[in-house]
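Step one of this worksheet: look at the structure below.
What you see below is based on every heavy atom in this structure, not just the backbone, and it leaves out hydrogens, waters and symmetry mates. Every value quoted in this text rests on a predicted model; they were computed, and no experiment measured them. Reminder, nothing fancy here: chain letters follow the sequence lines and each chain counts from 1.
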2 protein chains.
Amino acid sequence: MTTKEKIFTKALELFNNEGVEYVGMRELAAHLNMRVSNITYYYPTKDDLVFAISQGLKEANSKIVVENDNITLLAFLNMLKQVFHNHVKYRCLLLSFVHLMEQNKVIKSQYKKTASSRNMAISANISHLIKNGFLKFKDKSDVEYLVSSLSLIIRFWISEAAVSQSRLSVENQIHHYLILTAKTIQPYTSKKGEKELLHFLAGLQA
Amino acid sequence: MTTKEKIFTKALELFNNEGVEYVGMRELAAHLNMRVSNITYYYPTKDDLVFAISQGLKEANSKIVVENDNITLLAFLNMLKQVFHNHVKYRCLLLSFVHLMEQNKVIKSQYKKTASSRNMAISANISHLIKNGFLKFKDKSDVEYLVSSLSLIIRFWISEAAVSQSRLSVENQIHHYLILTAKTIQPYTSKKGEKELLHFLAGLQA
DNA sequence: ACTTAAATTTGGACATTGTCCAAATTTTAT
DNA sequence: ATAAAATTTGGACAATGTCCAAATTTAAGT
């Protein structure tokens with residue numbers, strides 16, 4: 001493992017445990033048996049380090065979220081499950097989300113792209129799920145608002161969990177918000193869709 | 001206006017505009033034609049100042065959220081609308097939400113109370129809305145998850161808006177998330193409930 | 001093997017932050 | 001008018017992220 005990778009890994013670990021804002025460069029350096037300016041050689045500013053981590057999340061998610069015309073509702077929900085797990089691995093980012101947006105302009109512009117492409121990916125998947133008979137909508141604008149709802153849950157569930165559900169294990173937190181996600185979709189399912197949705201929920205208990 | 005109130009007001013203004021973390025004590029003092037240590041006389045630490053502001057939001061919301069057995073769905077939605085407006089007035093708090101939770105233990109314990117009492121208030125209102133024939137649920141657990149969904153939207157809509165909807169005016173942002181809230185409730189409305197809900201949505205346009 | 005250049009690591013400096021305190025000043029009460 | 005209390009002030013402190021010149025290690029060419 002290169003020095004740069006060691007820094008990345010230890011930073012992610014400490015940031016996740018204590019919060020990005022509460023891990024100083026000196027503390028990070030101490031954990032690495034390194035001097036501070038050695039870190040700044042690879043990552044000139046703390047923002048650069050955070051940005052690198054955000055790229056890590058982006059890559060991890062890009063491996064999961066795939067465009068697929070033949071997607072099923074079950075596959076869609078399982079995809080979200082994997083995204084949730086990635087969010088746990090990179091939770092420091094999501095917990096400092098708005099703060100990072102305000103502070104770090106590179107992350108902000110980067111994120112805007114990610115956000116809109118995610119929204120489009122969700123929209124596309126919803127369209128496919130309609131076409132494939134898993135979902136049905138009375139009103140066209142309902143689709144748009146379902147996408148908004150899902151975006152909100154996906155982006156902020158871990159923040160909510162940190163505040164309200166910290167007594168639960170990580171696994172149970174994920175379950176809770178996956179159920180919430182499924183329930184949000186449920187009103188728009190067809191018979192076929194609801195069957196898969198219930199199957200997904202049953203699978204969560206096992 | 002007392003010195004303490006002047007500090008409070010100016011701090012809220014600057015915090016809202018620039019973010020809590022990006023307004024230093026010296027900058028705040030300069031805007032007040034005051035020395036830093038004069039602020040710390042009234043608010044020994046910045047946390048104390050932030051806590052005072054959080055109390056302001058709490059009081060503002062407590063005036064709105066009332067227990068009412070005869071509540072209608074329209075009244076419930078209008079209550080949420082006022083809460084949303086309060087959130088705009090105190091947006092610095094909600095934007096730094098998770099960050100403040102981690103850092104400021106007084107705010108954290110304070111918030112946990114507020115959060116659970118809010119959840120209970122929403123739950124109580126939903127129960128009344130069921131009893132009064134505006135909502136109906138097939139599954140009992142659906143109630144619990146609707147409450148969770150509403151909590152999530154209420155708490156994080158402004159964070160989402162700051163990132164994704166910053167091009168919209170504040171008024172339009174509020175509209176967007178009120179519609180989202182209404183759509184979240186819609187699947188569980190009775191005929192009577194849906195009528196009021198549509199009336200509320202129509203009122204938003206005017 | 002020796003020299004040179006590049007890459008890496010180091011210690012110390014800098015400005016900025018929130019916090020704190022003793023002294024000075026203003027206000028209030030007697 | 002005087003004493004006490006409340007308020008305001010300037011300056012200090014440790015901690016933070018950032019930066020830079022010098023020292024050290026590594027790699028490459030002869």
| task | Take the protein atom CG of L28(A) and the nucleotide atom P of dG17(D), then report the distance between them rounded to whole Å. | result | 10 Å
| query | Which nucleotide of DNA chain C is the first, and which the last, in the 5' to 3' direction, to come under 4.0 Å of a heavy atom belonging to chain B? | reply | dT17(C) to dC21(C)
| task | Report yes or no: is the cationic atom of K58(A) (NZ for Lys, CZ for Arg) under 6.0 Å from the centre of the six-membered ring of Y90(A), at an angle within 45° of the ring normal? | result | no
| Which class fits the ring pair H176(A) and Y145(B): parallel under 30°, tilted 30 to 60°, perpendicular over 60°? | tilted
| query | With a 4.5 Å heavy-atom cut-off, do E160(B) and I153(B) have their side chains touching? | reply | no
| Under 3.5 Å, is there a donor-acceptor pair linking the side chains of R35(A) and Y41(A)? | no
| said: On DNA chain C, does the nearest nucleotide to Y41(A) precede the nearest nucleotide to R26(A) from the 5' side, or the other way round? Give the residue. | reply: Y41(A)
| Exercise: do T45(A) and D48(A) side chains pair donor with acceptor under 3.5 Å | yes
| request: Starting from P on dT18(D), measure out to CG on D47(A) and report it in whole angstrom. | output: 6 Å
| request: Kindly indicate whether the side chain of V50(A), heavy atoms from C-beta on, has any atom under 4.5 Å from the side chain of L93(A). | output: yes
| query | For S37(A), which contact category applies under a 4.0 Å heavy-atom criterion: base, sugar-phosphate, or nothing? | reply | base
| Interatomic distance, N38(A) CG vs dT25(D) C1' [rounded to whole Å] | 12 Å
